[in-house]
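Take a look at the structure below.
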There are 2 protein chains.
Amino acid sequence: MQVTTLCLGALVFGDATGYEINKMFEDGPFSHFLDASYGSIYPALTRLTEEGLVTCKAEAQEKRPDKKIYSLTDKGCLKLRDALQQPIADDKYRSEFLFTLLFAHLLPRSRVRLMVDQRLATMKEKLSELAKPGTNDTPGMDFARQYGYAVYSASVDFLENNRHLIEEIATEEEAHV
Amino acid sequence: MQVTTLCLGALVFGDATGYEINKMFEDGPFSHFLDASYGSIYPALTRLTEEGLVTCKAEAQEKRPDKKIYSLTDKGCLKLRDALQQPIADDKYRSEFLFTLLFAHLLPRSRVRLMVDQRLATMKEKLSELAKPGTNDTPGMDFARQYGYAVYSASVDFLENNRHLIEEIATEEEAHV
DNA sequence: ACCATAATATATAGCCCCGATATATCGTAT
DNA sequence: ATACGATATATCGGGGCTATATATTATGGT
């Protein structure tokens, strides 16, 4: 799925600047299952404007860069609807954490323990974020949030109950280090 | 994490060709939590050979392209060990499925139902793959497999128990279509 | 009171990587 | 007989992430 589609989707929830769209992917309602960055969002908005799928209203601000507020056009909404009907790619899960654990036998046990501790900490943080509904979440956002909560809960449970399996494989600490 | 690191890791499990490394990411033990494709693997192996981190032994085959068997060098193993000690990026979960469901109200109910059915089918297929241990899995692979199983189980459970929430939001079917 | 950092806001260059495609042959299924 | 899938390497094009540049205000620490 292209970033242009993601931007069209973001604008369904209201007019926004590129900066605000980026925030939606970084902290906001999309952050748990989507990715996009400035380097792709700004060019995407330019392309979308050229194609008439969004409009751009520049708001002059004193002593700050112009704020460019983008809005979805009818054409853009149709384009989004069309894109949403296309075949959907499989969910993708990427974990450098699991990759690293494949080589637990090459790593000192303290390092593996630290890795698991840190992973659990960040996951629990995300869990507590996902626990509280946003102030004006749509039903779709709510569904995605609860889905995320269920999955992260399962991850935390598994890690807590099975971390000993992988920690046992790691290289025992050397006494003289 | 760069593809070069992934290739070094793949070669820990034994000598392999680029083709075989690709398979590890496509079907094999890495497929549940990692990604890499020909377009990155072959150039990566070339770079690694130039840097002396792997060696390449070309095996002439009649009427087929030479089979290039790559092996990890001691230097390559150290490099991997070093890379594994670096800070690990957060796990990344990307789902076009959840993105699409954010706009369930723009989609016909039949389409949403089909999407959920298909998602459940592919996830259950993956679950059954993850259920059976490989013939010569390392403990790390086993851990990753069980981790995957736990997470996919939670996903399936959530979807089955909550699909009605999102299906209710979708646009009711129009009688005349 | 002063300094550093974060937040607001847009933009681009460089590099990496995915997807598609090209080439060539063999085994198997239809 | 032929089409397809598996084996095997390789590259091009385009898309996108990371890092950086620029400019100002608000916030927080010391």
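These values consider heavy atoms only, across backbone and side chains, with no hydrogens, waters or symmetry-generated copies. This structure is a prediction, so every number in the text was calculated from the model and none was measured. Letters go in sequence order (proteins before strands), and every chain restarts at 1.
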dA11(C) phosphate, OP1 or OP2, under 4.0 Å from Tyr42(A) side-chain N/O:
no
From OH of Tyr70(A) across to P of dA9(C) the rounded distance in Å is 13 Å
> Just by distance, do the side chain of Glu20(B) and the backbone of Thr17(B) share a donor-acceptor pair under 3.5 Å?
Replying inline: yes
Might you list the N or O atoms of the protein lying below 3.5 Å from N or O atoms in nucleotides 18-22 of chain C, with each pair's distance?
{"from": "dC18(C)", "atom 1": "OP2", "to": "Ser37(B)", "atom 2": "OG", "distance (Å)": "3.1"}
{"from": "dC18(C)", "atom 1": "OP2", "to": "Ser40(B)", "atom 2": "OG", "distance (Å)": "2.4"}

Atom NZ of Lys67(A) and atom C1' of dA7(C) are separated, to the nearest Å, by 12 Å
Met24(A) atom CE is separated from dA9(C) atom C1', nearest whole Å, by 15 Å
Taken to the nearest whole Å, CG/Leu34(A) to P/dG16(D) is 13 Å
Report task. May I ask you to decide if the ring planes of Tyr147(B) and Tyr93(A) are parallel, tilted or perpendicular, using 30° and 60° as cut-offs? Result -> parallel
Notebook entry, point to check: Does the separation of the ring centres of Tyr38(B) and Phe25(B) fall below 6.0 angstrom?
Noted result: no
Exactly one of Leu101(B), Thr171(B), Thr100(B) clears side-chain contact (heavy atoms from CB on, under 4.5 Å) with Leu107(B), and that residue is Thr100(B)
From CD of Gln2(B) across to P of dT18(D) the rounded distance in Å is 12 Å
Legend entry - Side-chain (Arg145(A)) to main-chain (Asp137(A)) donor-acceptor, under 3.5 angstrom: no
Asn22(A) atom CG is separated from dT8(C) atom P, nearest whole Å, by 11 Å
Asp27(B) atom CG is separated from dG5(D) atom P, nearest whole Å, by 14 Å
_Looking at Lys23(A), I'd like to know whether one of its side-chain N or O atoms comes within less than 4.0 Å of OP1 or OP2 on dA9(C)._
no
Does dT10(C) have OP1 or OP2 under 4.0 Å away from a side-chain N or O of Tyr19(A)? no
Short side-chain N/O contact from Thr17(A) to OP1 or OP2 of dT8(C), under 4.0 Å: no
Any chance the rings of Tyr42(A) and Tyr19(A) have centres within less than 6.0 Å? no
